[in-house]
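Small disclaimer: the values here were computed from a predicted structure and weren't measured.
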Amino acid sequence: VDIPPNFFGMTLAIAFKYFAEEKCDYVVLEALLGGQYDHTNVVPKAEVTVITNVGYDHTAILGKTLKEIATRKAGIIKRGTKALTAENKPRALRVIKDRCRAVNVPLTIIEPNGDHYKDINVKLAQATINKLGIKQKITKSIIANSAKLPCREEIIQKKPTVILDGAHNPSKIKAITSTIKKIKKPLKYLIIGMSANKDWRTCLKEIVPEAKNIYLTKYLSPR
């Protein structure tokens, strides 16, 4: 049966063509969903394979347990690569270790150097760059001055301060809540909308106590 390519497959094909035309030395390719059956897994072997962490998200597709989700994520680890992870939950880490042993891949576990995902991810990024043999003098400057992710604790206005964040699962909500707690002034307004297929109950329990006024909204989606 001929199955036409979907949006994500076509976008990835366009990206591959662009990378080839630009003659990229390295490409950071993020798995869209899980990894094991993701479109990006057509790459036969990555120089370095990175799993940041394993959390409860997209459970309808990836599985209900950490073990199931970790198995999907660990599917990107193939023979001939080097693996790194900042995951430290025993059940998930065991799956990653087992996968590395099965395909004979060395695993580097990055220990957290802070209580925020940004601190952990910066350390993980630097360790990944080291594995590639890129000079630290260059990369430290890039990470310090240019490492920004839109919609992740993004300050889009000051006086008054307005923060935009795309958190949509408990672990990400916990991260933005941690940042809010460190701000000296209390959160005056929280505007939040989430898909029905997310764990919105746990997310609301985490962040709602930090706000004086709460606006529940929704966006244009059938979910």
Side-chain angles (χ1 to χ4, degrees), residues 1-87 92 95-96 98-100 102-105 107 117 121 124-125 128-129 131-132 134 146-152 154 164-173 193-200 203 218-223:
V1 178
D2 292 331
I3 301 175
N6 61 16
F7 170 80
F8 303 110
M10 289 188 289
T11 303
L12 184 64
I14 293 169
F16 283 151
K17 181 172 174 55
Y18 174 74
F19 298 148
E21 290 175 350
E22 292 297 310
K23 296 180 172 62
C24 297
D25 295 314
Y26 297 102
V27 170
V28 179
L29 197 61
E30 181 183 6
L32 174 71
L33 187 60
Q36 186 176 10
Y37 303 113
D38 189 78
H39 288 83
T40 56
N41 218 9
V42 297
V43 175
K45 187 198 73 174
E47 291 292 326
V48 179
T49 300
V50 181
I51 297 176
T52 52
N53 61 343
V54 180
Y56 291 98
D57 200 4
H58 304 291
T59 53
I61 298 171
L62 301 182
K64 303 290 184 183
T65 67
L66 277 180
K67 182 178 179 180
E68 290 175 317
I69 298 170
T71 299
R72 288 293 190 93
K73 287 180 177 286
I76 62 174
I77 303 171
K78 299 175 182 176
R79 292 185 187 276
T81 188
K82 304 179 187 71
L84 295 94
T85 186
E87 180 56 63
V95 172
I96 297 170
D98 289 344
R99 173 64 181 177
C100 287
V103 294
N104 195 28
V105 165
L107 174 64
Y117 75 93
N121 285 346
L124 182 58
T128 303
I129 290 165
K131 290 288 183 184
L132 294 171
I134 300 173
S146 306
K148 296 178 182 178
L149 191 60
C151 296
R152 283 284 183 264
E154 181 182 2
L164 182 66
D165 195 275
H168 55 269
N169 61 41
S171 59
K172 290 183 176 67
I173 286 288
M194 298 185 74
S195 299
N197 63 343
K198 303 299 180 183
D199 186 5
W200 54 269
C203 292
K218 64 179 179 179
Y219 58 98
L220 297 178
S221 168
R223 292 184 298 172

Residue pair [X] / [Y]: nearest heavy atoms and the distance that separates them:
| X | Y | value |
| --- | --- | --- |
| A74 | V95 | CB-CG1, 4.4 Å |
| N41 | Q36 | ND2-O, 3.1 Å |
| R152 | A167 | NH1-N, 3.6 Å |
| H58 | L33 | CG-CD1, 3.2 Å |
| V54 | A70 | CG1-N, 3.9 Å |

Is there a donor-acceptor pair closer than 3.5 Å between any side-chain N or O of T81 and the backbone N or O of A46?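 Yes.
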
Got a donor-acceptor contact below 3.5 angstrom from the K78 side chain to the V43 backbone?
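Judged by distance alone, yes, a pair lies under 3.5 Å.
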
* Salt bridge between R72 and E68, side-chain N to carboxylate O under 4.0 Å? ->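 Salt bridge: no.
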
Do [X] and [Y] have side chains that get closer than 4.5 Å, going by heavy atoms?
| X | Y | answer |
| --- | --- | --- |
| H39 | N6 | yes |
| C203 | M194 | yes |
| Y37 | I61 | no |
| I77 | I96 | yes |
| T59 | I69 | yes |
| D38 | I76 | no |

Notebook entry, point to check: Is the CG atom of N104 crowded by more than 12 outside heavy atoms at less than 6.0 Å?
Noted result: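 12 or below, so no.
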
task = Please step through side chain to side chain contact (heavy atoms under 4.5 Å, CB included) for the pair Y56 and D199, ending with a clear verdict.
result = CA-CA 9 Å; Y56 291 98; D199 186 5; over 6 Å; no

Once you round to the nearest 0.5 Å, how far does [atom1] of [X] lie from [atom2] of [Y]?
| X | Y | atom1 | atom2 | value |
| --- | --- | --- | --- | --- |
| I173 | W200 | CD1 | CH2 | 13.0 Å |
| L84 | I129 | CG | CD1 | 11.0 Å |
| K73 | T49 | NZ | OG1 | 13.5 Å |
| L124 | T85 | CG | OG1 | 7.0 Å |

